[in-house]
Amino acid sequence: MIHQDLEVKNTKNKTKPSCCCSHDEPVHSEDDGHDHGHSHEHEAEGSLLKLFIPSILSFILLLIGIGFDNYFPQTWFSGYVRIAWYIVAYLPVGLPVLREAYESIIKGDVFSEFFLMCIATIGAFAIGEYPEGVAVMLFYTIGETFQGMAVSKAKSNIKSLLDQRPDEVTILENNIAVKIKAKDAKIGDIIQLKAGEKLGLDGELLSDLASFNTAALTGESKPDTKKKGDTVLAGMINGNTIAQIKVTTAYNDSKLSKILEMVQNATAKKAPAELFIRKFAKIYTPIVVYLAIAICLLPILFVDNYVFSDWLYRALVFLVISCPCALVISIPLGYFGGIGAASKNGILFKGSNYLDSISKIQNVVMDKTGTMTEGVFKVQEVIIKSDFDKEEILKLVNVLERHSTHPVATAIHDYVGSIDSAIELKNVEEISGHGLKAEVNGKELHVGNFKLLDKFNIPYDIDPGSVVYTTIAIAYDQKFAGYLTIADEIKADAPEAVSKLKALGVKVTMLSGDKTNVVQFVADKLGITKAFGDLLPEDKVNKVNEIKAKNETVAFVGDGVNDAPVIALSTVGIAMGGLGSDAAIETADVVIQDDKPSKIAMAINIGKQTKKIVWQNIGLAFVVKAFVLILGAGGLATMWEAVFADVGVALLAILNAVRIQKMKF
């Protein structure tokens, strides 16, 4: 579906071409934020046809005029009749551009591309080159319309990849199924989702078990099985059983809404190449106008057989060739394509500037837990000293861990079971990078790593380095009570991720707050030579600063919350966003939606390919335009070559830019 931007631009005048100067604004979604189906697609197609009617009319009149001039001479087709014919052929495509030129001048932007085209085509009429004047404006308008379509389509593709929520949802009211607008559903409503239906809002699964296709959010069509109490998100497609979901988030606050808003706003953050071209065009265009005036008038001083009309024609050709449209439009379109290709693969870039930055990454520094490992911990062994009540200690630990969001806390809850509500904790405190402490029954309880015990001078009689698994130390009443060991699984594609990064020439480092021997154990399995454990958040910052001190670029990959200081410090912050981490989406520059570390290399590759295409377009436009400009100034190029140098090069650049969406990464 062609995005509404194309339609909005033409509400004032249906024949107005989509200009490249208007393509910088972000994509704006409809008021209710979702796709309204095939009827709007047909409306867009009808609107599209209307855009081409003026060009078709102008083209038919131009062909008839050329036929009368060269192939079917008519005695009546001369003088004022001939001039009037070509003026009528010119007006359908010329009037909108004349209006744009006038409006630009009123706003103080005299040297716009519209102004260039108006001078060139009106000048062609002034020297009697009527067919060429019409042809230049006709092909310019067609080229601009195609460019507008390409940009709108790119934006629409990005939007349609994400905003796939249904208009309506079925909720249960007194056990009766009622259909309502998705945006009218309230928190606490129960949605009944049939097999094959798409969920409209985020919620909590009430059914015992259900399988969902998460492609709209992650780019992966592999079914994801959810159990009762799990979070399910808008855009997921229910499998083969009826499921009931309790709405937990308002329509506009859903995960999909946030992702969509993020990608829509991505166009606001420009890459250096885009910013350069925009500044360049503002300087370049007036220079070209003054050069055209010089080409027309200066030869009178040193050319013996100076003919004004000949040199005016050369100047007009020069103006048409110099139009910067191919550059101004193809570069943003290249970045749109890159953002779209990434979104299709479950990678979200918050701006085209990050596509540019990630292409230059020399180091990838990654967290361990939740990034290269599943982040799903299981208690392996429980060692509680004999002078403590094992059951009582575990109950206390379970209650304290309720105050933590770390995956370790979940593992302990799963192992110990329900929380004893009779236990009352006081002065609960989380000590960053160490663990938790609280008062219970008038005594202090400490649960965390062994650095926590060191911090509070609590002695212990084991060597933490001798335990391979992640260790949770426990102290009660200032005495070492024992420890739990917890293991995490390495993600299936983690080894592939490291090998792909190495193949791209990227250096890989692992940083973790976990024990050094655990971190080294995981690093050895993955083939990572640089790995550091027992790090506090500030230690991670120092490690990244050490790399940056060598003038090298760094991408940090983490969970987007605990690692916020390092993400902010790095050249590009990448979050393993998962399907439930709102903070990750807000913190990082790039979000990998399905938590697959192999997507890190894919993101870098998409950045590299996008940059490659953008610079190909810049090179193509400059080389062709420079060559034809020289020919035009020397009188060796006609308006037809000028049209190719402008519209033809722009269309070639567009075709090159959209290639990235067809690539496989």
Side-chain angles (χ1 to χ4, degrees), residues 363-380 404-411 432-435 448-452 464-465 467-473 484-502 506-544 546-547 554-567 569-570 573-578 581 583-584 587-588 592 594-601:
N363 295 269
V364 167
V365 178
M366 52 185 64
D367 187 28
K368 178 182 73 70
T369 306
T371 301
M372 302 306 281
T373 64
E374 293 288 353
V376 179
F377 290 89
K378 288 185 179 178
V379 173
Q380 302 297 312
S404 172
T405 57
H406 196 280
V408 164
T410 305
S432 180
H434 292 77
N449 52 35
F450 280 92
K451 287 186 289 184
L452 179 69
V467 185
V468 176
Y469 295 132
T470 300
T471 311
I472 307 301
L484 309 174
T485 62
I486 293 176
D488 188 11
E489 287 185 17
I490 294 172
K491 289 183 179 178
D493 68 330
E496 176 194 353
V498 176
S499 62
K500 281 184 175 180
L501 288 169
K502 286 182 176 179
V506 176
K507 291 174 269 188
V508 183
T509 305
M510 182 183 284
L511 305 179
S512 178
D514 209 343
K515 293 194 313 178
T516 298
N517 59 338
V518 175
V519 176
Q520 196 59 57
F521 175 74
V522 173
D524 290 343
K525 280 196 168 186
L526 297 176
I528 299 173
T529 51
K530 287 186 179 179
F532 304 91
D534 291 308
L535 300 178
L536 298 174
E538 54 267 32
D539 297 325
K540 292 182 181 180
V541 169
N542 293 335
K543 290 290 182 186
V544 171
E546 286 175 18
I547 297 172
V554 185
F556 184 85
V557 191
D559 63 10
V561 187
N562 299 332
D563 297 312
V566 206
I567 284 178
L569 176 68
S570 58
I574 303 174
M576 289 294 177
S581 177
T587 307
I592 295 173
D594 58 6
D595 282 355
K596 288 191 173 180
S598 56
K599 295 285 180 75
I600 302 167

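Computed over heavy atoms, backbone and side chain alike; hydrogens, waters and symmetry mates excluded. Numbers here simply count residues along the sequence, with the first being 1. Since the model is a prediction, treat every value here as computed from it, not as a measurement.
- Put simply, the side chain of Thr373 gets close to the backbone of Lys368: a donor and an acceptor are under 3.5 Å apart.
- Residues passing the side chain to side chain contact (heavy atoms under 4.5 Å, CB included) test with Ala531, sequence neighbours excluded: Met510, Val519, Gln520, Ala523.
- With sequence neighbours excluded, the residues satisfying side chain to side chain contact (heavy atoms under 4.5 Å, CB included) with Lys451 are His434, Asn449, Asp534, Leu536.
- Between Thr509 and the options Val544, Ile528, Val365, Val364, a side chain to side chain contact (heavy atoms under 4.5 Å, CB included) holds for only Val365.
- Side chain to side chain, Lys515 and Thr471 meet the donor-acceptor criterion of an N or O pair below 3.5 Å.
- Ile592 places a side-chain heavy atom less than 4.5 Å from the side chain of Ile600.
- Heavy-atom contacts from other residues, nucleotides or ligands closer than 6.0 Å to CD of Glu489 number 12 or fewer.
- For the side chain to side chain donor-acceptor pair (under 3.5 Å) test, residues two or more places apart in sequence or in another chain that qualify with Thr470 are Asp514.
- With salt bridges taken as basic N to acidic carboxylate O contacts below 4.0 Å, one links Asp367 and Lys540.
- Atom CZ of Phe532 has more than 12 neighbouring heavy atoms from other residues, nucleotides or ligands inside a 6.0 Å radius.
- Rounding to the nearest 0.5 angstrom, the gap separating the NZ atom in Lys530 from the CG atom in Asn363 is 7.0 Å.
- Nearest heavy-atom pair, Ala588 versus Ala575, reported as atom, atom and distance to 0.1 Å: CB-CB, 3.4 Å.
- Remark: side-chain polar atoms of Asp488 are not paired, donor with acceptor, to backbone N or O of Thr369 under 3.5 angstrom.
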